[in-house]
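Start at 1 and go down the list; that is how both ligands and their atoms are numbered. We're numbering straight along the sequence, starting at 1.
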Amino acid sequence: MSQAIPNVVEQVDSAFWIILGISGVLFVGIILALVAFLMKYHKSRHPKATSQVEGHAVLEVLWIVIPTLIVLFMFWIGVIGFKSMRTVPDGAMVVKLTAQRWSFNFQYPQGDVSSPVLHVPAGVPVKVELNAPVSDVIHGFYLPDFRVKEDVIPGKQTYLWFMAPKEGTYNIFCTMFCGNGHSEMITTLQVHSKEGYEEWIRQQIADKNKPVDMALAMDPRSKDIQARGGRKLYDTYCGSCHGAQGDGKGLAGARDFRSLAGWKNGEKLTDIFRTVTVGLDGTAMRGFPNLSAWDRFALVHEVAAFYKGGDRPASSPEDIEQLRAEYKLDEVPVVAKTLSIEKAMELIVKESQQPR
Ligand code: HEC
Ligand SMILES: [Cu+2]
């Protein structure tokens, strides 16, 4: 059941050039005729007014029929391109996007992996299912290099598909003016070879399943925490609301981390870990359970580091033990799910054939 995968980039570009070409020919033709008539019928050459010409059936039919055909031709090119944009090829890999003020998060069909940068294999059609939480605003998902763009609408799933022919890094933009952090709502598409993609997914899963050593995780200077790049994680996931300096200036009501005033869920490192994992009900603070536990610990330390003063309560050994038990943090990997792309695609195709 294989069909040729249309080249949307080519279709969009050729529609553009054809329409530009037709418009160009008409523009030049009309201007030339205008100038020619201006000169030919100038008053100096024709001092007497001409007689009134009335009706010319052939001419009138022509100037209605020809432009209509041209416009229909443009429409037809558009319809073909539109059809290929809206028809997801069989066997497309499905990635789920959640866009919210002001970041993108992609979830992959393999394992329970997610990332702020979109990773895909080259030469495989990818369907991106676009979602935004009902409490959020409309965003736009734009992949200029692949000529596709679609609105992301809270509470309604939309989609687009594209296929990257070769490896590389490409831009992704939000195209809706979605508030304060709109200009930061930018990410990238990373296209790997098929093997490279599998390897990436495998690493992500291994990383997620890496058991946590509580002593190292609670120590901001341990190399396991340092290696996480907490600052970058913070900028990616939290800074848009909590502000670059943890000042809460990004979104009204977001926590200012520099003082302890008014914390709801507790201000010890272990409390912060819980908040980062499950969020705070009824507020804009959502949980980030898709991030690996190590990443969440790195974020906890990043947040705590904004605090000015010496009186932040320390987590007791009991707190730490309780957290470990609650989240089974030191357990050995549960699953290393099947990773072959072929296998994953088989499942996806089956799923996509279910009636909706
Ligand atoms: C969409 C905006 C938004 C994003 C993104 C966001 N937060 Fe929050 N966060 C909030 C708001 C709003 C509050 C305050 C909730 C309240 O107290 O009503 C909050 C509160 C918190 C609290 C305090 C909880 C308490 O006990 O009072 C912590 C800790 C926190 N956020 C950490 C983070 C971290 C870490 C990230 C990034 C992984 C993050 N937040 C991303 C909006 C956000
Ligand atoms: Cu946006």
> Is Tyr234 touching ligand 1 with its side chain, its backbone, both, or neither, if touching means heavy atoms under 4.0 Å apart?
Replying inline: neither

> Taking it one step at a time, do Ser240 and Arg101 satisfy side-chain contact (heavy atoms from CB on, under 4.5 Å)?
Replying inline: CA-CA 7 Å; Ser240 49; Arg101 285 169 287 174; over 6 Å; no

>> Set out, in order, the CA-CA distance, both residues' side-chain angles and the distance that settles side-chain hydrogen bond (donor to acceptor under 3.5 Å, both in side chains) for Gln11 and Ser84, then state yes or no.
In response: CA-CA 9 Å; Gln11 285 176 334; Ser84 21; 2.4 Å; yes

>> Could you check whether Asp319 pairs with Arg274 (Lys NZ or Arg NE/NH1/NH2 to Asp/Glu carboxylate O, under 4.0 Å)?
In response: no

>> Can you classify the ring geometry of Tyr234 versus Phe257 as parallel (below 30°), tilted (30 to 60°) or perpendicular (above 60°)?
In response: perpendicular

> For ligand 1, which atoms, with element, lie under 4.0 Å from some heavy atom of Leu299?
Replying inline: 38 (C)

>> Below a 4.0 angstrom heavy-atom separation, can you tell me which part of Trp263, side chain or backbone, both or neither, approaches ligand 1?
In response: both

> For His119, what residues pass the ring-ring contact (aromatic ring centres under 6.0 Å, His included) criterion, not counting sequence neighbours?
Replying inline: His192, Trp200

>> Return all protein N, O or S atoms below 2.8 Å from the Cu ion (ligand 2), chain by chain in residue order.
In response: His139 ND1, Cys174 SG, Cys178 SG, Met185 SD

> When you check the space around atom 8 (Fe) of ligand 1, which protein N, O or S atoms turn up under 2.8 Å?
Replying inline: His242 NE2, Met285 SD

> Taking NZ, NE, NH1 and NH2 as the nitrogens, is one of them in Arg86 or Glu150 under 4.0 Å from a carboxylate oxygen of the other?
Replying inline: yes

> Tell me, which pairs form a salt bridge (Lys or Arg N to Asp or Glu O under 4.0 Å) where one or both residues lie in residues 19-38, sequence neighbours left out?
Replying inline: none

